[in-house]
K.L.:
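What follows is a single structure, and I will ask about it in a moment.
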Amino acid sequence: MSFGETPITLVGNLTDDPELKFTEGGAALAKFTIAVTPRSFDRTSNQWKDGTTAFYRCAAWRTLAEHVAESMSKGSRVVATGRMRQHDWTTDQGEKRSMLAVEIDDIGASVRFTTVTVNAKRSNSAGPAGDPWNTPGTPAAADAEPPF
């Protein structure tokens, strides 16, 4: 993570199946939305109350994107970590627009309310030179399609 980035952890549910596509440069990109609903206990009614749901647009790149698309579907409860990113663009009518989205660094199934089976899948793909952890870098300029 670079200086000045905003880290975020989301715990919620996918609102739809992840959308997997590939950039012109061949990089996999998975787009999906995570719905996060805070809950609090109301002592007066002795019941749990749902707060306002927030919807976070997310993007995962490369091998992570492919794993998300293969492993997760609408309704999957997930724990995801990533970085908030602002995306700016101009519409065909010349209007300036921007939105916040989360670039996902890691994601997994939440086992708080259910069980899951994990199938270890080793990847033989080489990471960036000299990277002992085989972690992907920021998308190359040819693959820098805006995630949304």
K.L.:
For residues Trp61 and Glu103, determine if any side-chain heavy atom of one lies less than 4.5 Å from a side-chain heavy atom of the other.
P.N.:
yes
K.L.:
Check whether any side-chain heavy atom of Val68 sits under 4.5 Å from a side-chain heavy atom of Ile107, and report yes or no.
P.N.:
yes
K.L.:
Hey, what do you get for OG1 (Thr15) to CD1 (Ile34), rounding to the nearest 0.5 Å?
P.N.:
9.0 Å
K.L.:
How many angstroms lie between CD1 in Ile8 and CZ in Arg83, if you round to the nearest 0.5 Å?
P.N.:
12.5 Å
K.L.:
State, with a plain yes or no, whether a side-chain heavy atom of Met99 is found less than 4.5 Å away from one of Trp89.
P.N.:
yes
K.L.:
Minimum heavy-atom separation for Ala80 to Ile104, with atom names?
P.N.:
CB-CD1, 3.8 Å
K.L.:
Search all heavy atoms of Cys58 against all heavy atoms of Leu10 and return the closest pair with its distance.
P.N.:
SG-CD1, 4.1 Å
K.L.:
If you round to the nearest 0.5 Å, how far is CG of Asp105 from CD of Glu5?
P.N.:
8.0 Å
K.L.:
Would you list the pairs meeting salt bridge (charged side-chain N to carboxylate O under 4.0 Å, His left out) in which at least one residue belongs to residues 40-54, sequence neighbours left out?
P.N.:
Arg39-Asp50
K.L.:
Looking only at heavy atoms, what is the nearest atom pair of Met84 and Leu100, with distance?
P.N.:
CE-CB, 3.6 Å
K.L.:
Quick one: hydrophobic cluster around Val11, which other residues, with the 4.5 Å side-chain cut-off, linked directly or via members?
P.N.:
Val79
K.L.:
Within a strict 4.5 Å, meaning less than it, do heavy atoms of the Tyr56 and Thr33 side chains meet?
P.N.:
no
K.L.:
If I take atom OG from residue Ser76 and atom CG from residue Asn13, how far apart are they, to the nearest 0.5 angstrom?
P.N.:
8.0 Å
K.L.:
Closest heavy-atom contact between Ala109 and Met72?
P.N.:
N-CE, 3.9 Å
K.L.:
Look at the side chain of Thr90 and the backbone N and O of Gly94, then say whether any donor-acceptor pair between them is shorter than 3.5 Å.
P.N.:
no
K.L.:
Where do Asp88 and Ser98 come nearest, in terms of heavy atoms and distance?
P.N.:
OD1-CB, 2.9 Å
K.L.:
Of all heavy-atom pairs between Pro18 and Phe32, which one has the smallest distance, and what is that distance?
P.N.:
CA-CB, 4.1 Å
K.L.:
Roughly how far apart are Arg112 CZ and Arg77 CZ, rounded to 0.5 Å?
P.N.:
7.0 Å
K.L.:
Counting C-beta onward and ignoring hydrogens, is there a side-chain heavy-atom pair between Glu66 and Leu64 closer than 4.5 Å?
P.N.:
no
K.L.:
Walk me through it: do Phe41 and Asn46 pass the test side chain to side chain contact (heavy atoms under 4.5 Å, CB included)?
P.N.:
CA-CA 7 Å; Phe41 189 76; Asn46 206 31; 3.1 Å; yes
K.L.:
Evaluate the side-chain proximity of Thr91 to Arg97: yes if any heavy-atom separation is below 4.5 Å, no if none is.
P.N.:
yes
